[in-house]
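What follows is a set of notes on a single structure, which appears directly below.
So that the names make sense, note that chain A is the first sequence line, chain B the second, and so on, each numbered from 1. None of these values were measured; they are calculated from a predicted model.
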Protein chains: 2
Amino acid sequence: MFHYLEEELEQLKTKIIKMGSLVEEQIEFSIRALFEGNLDLAKTVIRRDDEVDKYDIKIDKHCQRIFALTQPVAFDLRLIMSALMINNDLERMGDIAVNISERAEPLLGYGELLRKMRVDEMSAKVKKIVKMSIDCFVNSDAELAKMIILMDVEVDKLDKEIFDLLTKEMKAYPDLIVPCSHILTLIRNIERLSDHASNIAEDVIFLVDAKIIKHSKDPDNLKQKE
Amino acid sequence: MFHYLEEELEQLKTKIIKMGSLVEEQIEFSIRALFEGNLDLAKTVIRRDDEVDKYDIKIDKHCQRIFALTQPVAFDLRLIMSALMINNDLERMGDIAVNISERAEPLLGYGELLRKMRVDEMSAKVKKIVKMSIDCFVNSDAELAKMIILMDVEVDKLDKEIFDLLTKEMKAYPDLIVPCSHILTLIRNIERLSDHASNIAEDVIFLVDAKIIKHSKDPDNLKQKE
């Protein structure tokens, strides 16, 4: 029974890692499509969301099977609970990559404006955070997870700065009201990617340290789970 | 053992229902604070988010305890998995109520503009959907859940119409660029409430019918779980 559980958990972890890589690529492609005005690439992202959804269903089923057939405790139990939550976050990050891709068309030809509004800076930060969130799960690295939560705060700050930049730009150039409104929606989406990465980081801390960090602003001031 | 499990599941369900009522009230208050320009009420919502977070941690722990002490199968297993997911959605809906409340100050004095931009219409629809999502969990009502998923599509449509209304308003009255930008962020948040309610509906269908509806646009064309 124990060997069986061990093997199942290894397979579950592999599935999450594969899904994570796919979602990371979807995000990378959606941002590239946006900045390069590459509508074919945007369509590829939208079409490939099906693959992300398939992983989501597979992982849900896998967790259900492990729960039904074994009685996991301690670390193993937390691993499956975390897997369920991380799966959920990754699936929604995949949806956000689709939303970003859908902005490629209305923002076609506005690469310069996107850069002026510091969307490239925000995207680079968030892509890094997303990569780190998957790495911290792969390596069960709680220290990396704590860094992610602090970086998410920086993204929120940048988000507010871009909001002000956008309203100033619209006031100065009323012709840019429509593209700037699309960018406003876009940065909401990019900011949410960072939130989901931060959720994954919290799950990894729960997994490794058996602590619940969520709802605590200070990662060093953790609440004990039990 | 069976009696113990039954009792635990009943207690878990009660906790979710209590959390659902609290979150529903948080949303109700946040929207009222916005339209009435009531900053005290907005602050109350922000302060009370701690209570939502406490429920979230309690429910997570409760699920973990049930998994560790019993070996639930079939409906019971699905109930706990759904509880974990619904808890997650409710907690994020609570965060969104906070975000909405934070817009009360920059939108102070813009009640008329909010109505002109049909935010009252969108809020009313979404409050109804949120209420239905909690009801469908309480009553394990899969039919009601399917209605919610269809209503979420209507909200997405209204969201796009309001986007156009807002850009037209900003072009016509550049003085309104800042409040309109806040409204643009606000409707993103209101729309996300509807998405979370829709996720809860999907979980209820999974719970009742043992089917995975997520990723299917047509609620009658469900994918079998196993």
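A 6.0 Å sphere centred on CD of B:Glu161 holds more than 12 heavy atoms belonging to other residues, nucleotides or ligands. Other residues, nucleotides and ligands place more than 12 heavy atoms under 6.0 Å from the CZ atom of B:Phe75. Within 6.0 Å of the CD atom in A:Glu105, the count of heavy atoms belonging to other residues, nucleotides or ligands does not exceed 12.
Nearest heavy-atom pair, B:Thr167 versus A:Ile177, reported as atom, atom and distance to 0.1 Å: O-CG2, 3.8 Å. Of all heavy-atom pairs spanning A:Gln64 and B:Leu77, the tightest one is O-CD2, 3.5 Å. Heavy-atom minimum distance, A:Asp60 versus B:Met81: O-CE, 3.8 Å.
Interatomic distance, CZ of A:Arg78 versus CZ of B:Phe67, reported as 14.5 Å (0.5 Å rounding). How far CG of A:Asn189 is from CZ of B:Arg188: 7.0 Å, rounded to the nearest 0.5 Å. Taken to the nearest 0.5 Å, the CZ atom of B:Arg192 stands 4.5 Å off from the CZ atom of A:Arg192.
A heavy-atom distance below 4.5 Å is found between the side chains of A:Arg92 and B:Arg92. Looking at heavy atoms from C-beta onward, B:Lys171 lies in side-chain contact with A:Val178 at the 4.5 angstrom threshold.
Using a 4.5 Å cut-off between heavy atoms, A:Asp89 touches chain B through its side chain atoms alone. Both the backbone and the side chain of A:Leu84 have a heavy atom closer than 4.5 Å to some heavy atom of chain B. Contact of A:Asn199 with chain B is made through the side chain alone, with heavy-atom distances under 4.5 Å.
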side-chain contact (heavy atoms from CB on, under 4.5 Å) between A:Leu166 and B:Ser181, intermediate numbers included: CA-CA 9 Å; A:Leu166 282 166; B:Ser181 297; over 6 Å; no

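The candidate with the highest count of non-hydrogen atom pairs below 4.5 Å against chain A, out of B:Asp195, B:Asp175, B:Leu184, B:Asp164, is B:Leu184.
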